[in-house]
Amino acid sequence: MATRDLWRLCADWLIRCEILPRDHRVMFPNAEIFDLAQTLRDGVLLCHLLNTLSPGAVDMKDFSQRPQMSQFLCLKNIRTFLQTCKNKFGLRESDLFDSYDLFDVKDFAKVLNTLSKLSKSELALASGIDGFPQDNSSIQVEHDYYNTLEELATGFPPDRLSRVPSPVEDVYRTLEDRACELPDEDIYSAVTTVEEGEQEIYEDLCSLRGRTTRRRKERERDQLEQGFEPKTKREHCLKELIETEKNYVEALQMIKTFFIHPLKNIIPSPNHELIFKHIEGLGNIHTAFQSDLHQAVRRSSAQALGDCFIKYKPQLLLYGDFCSNLPQAQERIDDLCRKNEIIRVAVEECQRKANEGKFRLRDLLSVPVQRVLKYHLLLKELIKQTDKKSPDRTFLEKALEAMQDLSLYVNEVKRDNEQLQLIQEIQDSIVDLQMPEKTSLKDYGRLLKDGELKIKSHEDNRLKTRYIFLFDKVMLMCKSRTMEKFLWGETYSYKNALVLAQHRVEEGVPAGRPRSEKWGHVFLLSENKNSVAYNFYAKTEEMKMKWVDAIKMALDNTNPANAREKGHDFIMTTFEEPQTCSECKKLLRGVFYQGYNCHRCKQSVHKECIQKASKRECHISNGPAPELPPRPIDRSSTVYNHRSASVSSAHSRGLPAKPSLGIKVKAVASYTGTPAPPTNKGQALKFEQGDVIDLISNDNVQWWEGRLHGKEGFFLKSYVEEYRRPFQRGPSYLHHDVRPPSPLHNDENQSPIGSPLQRSPRPASSASQKHPYINLANLEGYPWYVGEMSRESAMVKLEHHPSSTYLIRESINPARRGDYALSVKYDNNVKHIRVMRTQEGSFYLADCRFFRSIPELVDYYQKNSLAYSFPELDTVLSIPYNESVRQNAAPRETPALGYAVASFDYAATATNQISLTKGDRIKIVSKQGEDRGWWKGELRGKIGYFPCAYVDEEEDAADGNSASSPR
């Protein structure tokens, strides 16, 4: 049996095991082997597979169900699968693949071989599901297709570059690269998870559908006696709200009657308090809440109904602590039942009396979480059935906003607790990590990214392989220490830590290291004082950009824009008790580093609300903020930031000059001191066009501080651009920086310059001008211009278009916003070239040809190959992207489920999220994360997650009648 066919048999087996649905993409006619590999890469479905073949084979708490492609968690899941295959299903070590064979897709043939062996194991066959292949034919491992994927994907060793792969082999040759390049996605939604099981319990106990016929008839008789018989859809919505609340109160009472009281003298007091924490308190709250709801419905008062939700919202914050405690409570009851026979028998007897043994106690404890996340859904449906002109909608919409806020808060508490568990596992896995007293890894913020990179310090110049854990505040560098091959994970040895606030990230390629090498995609992390620098090497350009974006996100999280405006000093803070944002009045989300606190005026805000709060003076500050003493650098847990102080006062006290950031900027226009800097800044730094200024501080979005001719002061950042000395073109096009746009002069023209050392275009007669001056704001009419778009989105857009399809996009990277880039499809890959500017304002891709406008640049490369400057790209620009779309060349364009309009601002705190501004119209591409409070959408060319409570879905979209494109 050839392995090129084996993957389809494997996919069919997974469907027969009900691990994948029958309409999964692996069954599409155009499906590829990578679709199956990507589906299994995080190990989640593999662990569920074992529990399907043998219930209880894998303890649910032993693997992560939401690894989000974190390498640490994915490898843990894969090793849990391998260990269980060996210990429970009897597979030999020689039958098992290595965890990296799957995660890095290095040898997917071995993965298929292991799954085939598993499918034919005695325990798996006992489930009644036949294995694969069913004819017992031997599996011929085709090494040319699978075992050399790493070499084929990266082009190493060099002598393989000249070998032309066969058409069949070409299907497999880029699997590992594709594994590195694909965006992280939710790939484990096809299997029934613990939360879906908990949902079934909730439905049985609380929903109207879950009630027995006898009890439904009793309720209907009660409704008739109380004069409430629903007739309209709206009245049925009210009925569901009231009845499910009453059922929920009864469920809480059942836990109290059949478990809390009978087990009080059997389970030791500390454990009893932990297991049943808040159950009785929630019962009291919801008994009163249900009574008030019932009265509001009987009075037919929408205002009273809405006020009821708003009134009880503060009391319902108790769910935050309940959610934080729930995993410990469930684990404790399992542990007690496993170790103590008396407790186990007593618990089973309570379960029998309560619900005939249908549900376990640990599962019943999850019902409150399911209930609190239903209120906003019930209110949404009620509003939908309420006339748009009715005054009732106003009251109900206020109640909906309150419950959406509560739902997002509870979901983020759950997510933060998962994050804290992950951080603790990471800390435990670094065997020689010694934290400062009363400090743990969680004090460094959330984990933003982890994975393997190669590193070279400029101090010793040796290339080392390191496993990187990137948190908001620090980057930990570790060395992997592999344990016994099939244990659940590796351990790590601590090597170094970098305080991110003391560093800046730069993209580039150091001299002497060709980019054609496998680990040749480089970025630099330099200390702000230029004393230490590190080169980081990633496998692919896309992987490198993910790291760069994650580092920039970490820096933005700890030092967001406007955090120190108007005398404020907003610092990322962990709040011990639930807090409300001083600006938008919504809850701060989660359980650690939920928001930002100004230590001067004590305001607490969301990240997205800092800009609004900073528009007003800090209320305890009168006039300019007094100069603060320098904050000590604590390399263990705090973040150090350069603070701008009054230049005149510093000089008057004879203090030494402030350290520069090691960055120079060049004036693009003269600045005479008008407009003047804010009063809390200090004096202006005057300069002439062309002056080169040493940058002292750039942490303000509008005003920067610099030094020129020994004088220090402030100036508008829009008057300068980054200064770079002339340079020769490096070995590849991917490392060039983009020059910010500047005005062109109508009397200039461009002709190719022979020497790459010449930096300025030669003047030419106006008669030779092919394009008049093009305003950069007027590129919309060109079929190749797509506006703002991220690198990742450009790859997705171009992936299924013909070769030589291209587009010009505007970068959304915060460091290069407004700059331009060319993305072109070539040789089954998407390449990106930065559009640069000379000091005189001309455009170029390589410093041997210059153009006075982007249309002129595009026109030239439509007729001349890019290979003249970039040997890797032997193509012209043939098909503008928008024309290719019109010709239906991209059938796999991401479809829209609908559209939503942002009701509130939201600032992304992770690279897989998108930021929202009130009024934005977002294309909804997935609602799979709705149970967690998140949707996936596309905005300004970037695809990512956003809180669904922060948007209003357009009603035609919600009804399934949305337009296929934005209006």
Side-chain angles (χ1 to χ4, degrees), residues 19-28 31 34-36 38-42 44-45 64-70 178 181-193 195-196 199 373 376-377 380 404 407-408 411-412 414-415 418 546 789-790 792-797 799-800 812 890-903 906 908-916 920-966:
I19 293 299
L20 297 178
R22 294 195 174 275
D23 59 352
H24 193 274
R25 65 175 181 265
V26 298
M27 300 305 292
F28 292 173
F34 187 74
D35 293 320
L36 179 60
Q38 180 71 355
T39 300
L40 302 177
R41 275 183 69 207
D42 67 359
V44 176
L45 292 182
S64 172
Q65 298 194 65
R66 294 184 180 84
Q68 295 294 314
M69 294 313 296
S70 160
R178 291 175 66 184
E181 294 169 3
L182 278 185
D184 301 341
E185 56 178 313
D186 294 327
I187 56 178
Y188 39 85
S189 58
V191 71
T192 301
T193 65
E195 288 195 358
E196 290 172 341
Q199 173 67 18
L373 298 177
H376 70 287
L377 301 176
K380 268 188 177 180
Q404 283 180 324
S407 173
L408 186 59
N411 272 314
E412 290 308 286
K414 293 168 65 179
R415 193 166 74 124
E418 291 175 1
K546 288 181 179 181
M789 182 179 290
S790 68
E792 292 79 10
S793 293
M795 291 183 62
V796 173
K797 298 285 188 185
E799 181 181 7
H800 300 288
I812 65 172
R892 293 179 66 177
E893 185 82 12
T894 305
L897 297 182
Y899 292 87
V901 178
S903 303
Y906 175 73
T909 58
T911 54
N912 64 347
Q913 299 175 8
I914 56 175
S915 296
L916 307 178
D920 281 344
R921 190 167 186 261
I922 307 101
K923 174 183 175 182
I924 305 170
V925 299
S926 174
K927 293 184 178 181
Q928 285 187 357
E930 185 168 17
D931 63 324
R932 308 281 290 178
W934 298 84
W935 286 346
K936 182 184 281 188
E938 183 175 357
L939 179 66
R940 290 186 282 274
K942 181 175 181 181
I943 296 175
Y945 291 93
F946 60 92
C948 52
Y950 276 49
V951 302
D952 289 322
E953 187 174 7
E954 294 179 353
E955 290 195 14
D956 56 348
D959 293 337
N961 301 317
S962 61
S964 60
S965 60

Verdict with supporting geometry, Arg25 and Thr39, side-chain contact (heavy atoms from CB on, under 4.5 Å): CA-CA 9 Å; Arg25 65 175 181 265; Thr39 300; 3.6 Å; yes
Minimum-distance pair of heavy atoms, taken over all atoms of Pro947 and Leu408: CB-CD2, 3.9 Å
Restricting to side-chain hydrogen bond (donor to acceptor under 3.5 Å, both in side chains), what partner residues turn up for Trp935, sequence neighbours left out? none
For Tyr950, which residues count as a ring-ring contact (aromatic ring centres under 6.0 Å, His included) partner, sequence neighbours excluded? Phe904, Tyr906
If you look at every heavy atom in Leu939 and Arg921, which pair is closest and at what distance? CD1-O, 3.5 Å
Check Glu412 with Arg415, please: is the shortest side-chain N to carboxylate O separation under 4.0 Å? yes
If you round to the nearest 0.5 Å, how far is CG of Asp920 from CZ of Arg940? 4.5 Å
To the nearest 0.5 Å, what is the distance between CD on Gln404 and OG on Ser903? 8.0 Å
For the CG atom of Leu36 and the CZ atom of Arg41, what is their distance to the nearest 0.5 Å? 12.5 Å
CD1 on Ile943 to OG on Ser790, rounded to 0.5 Å: 7.5 Å
Search all heavy atoms of Val44 against all heavy atoms of Ser64 and return the closest pair with its distance. CG2-O, 3.4 Å
Would you name the heavy atoms of Leu377 and Glu930 that are closest together and state the gap between them? CD2-OE2, 4.4 Å
Testing the basics here: between Ser915 and Ala908, what is the closest heavy-atom pair and its distance to 0.1 Å? OG-N, 2.9 Å
Test side chain to side chain contact (heavy atoms under 4.5 Å, CB included), reference Val951, set Val901, Ile922, Ile924, output is Ile922
Would you call Lys380-Glu953 a salt bridge at under 4.0 Å N-O? no
Quick one: closest heavy-atom pair of Thr911 and Lys942, and the distance? O-NZ, 3.4 Å
Show, in sequence, the C-alpha distance, side-chain angles and deciding distance for His24 and Asp35, and conclude whether the side-chain contact (heavy atoms from CB on, under 4.5 Å) test is met. CA-CA 10 Å; His24 193 274; Asp35 293 320; over 6 Å; no
Worked verdict on Lys414 versus Leu373 for side-chain contact (heavy atoms from CB on, under 4.5 Å): CA-CA 12 Å; Lys414 293 168 65 179; Leu373 298 177; 4.1 Å; yes
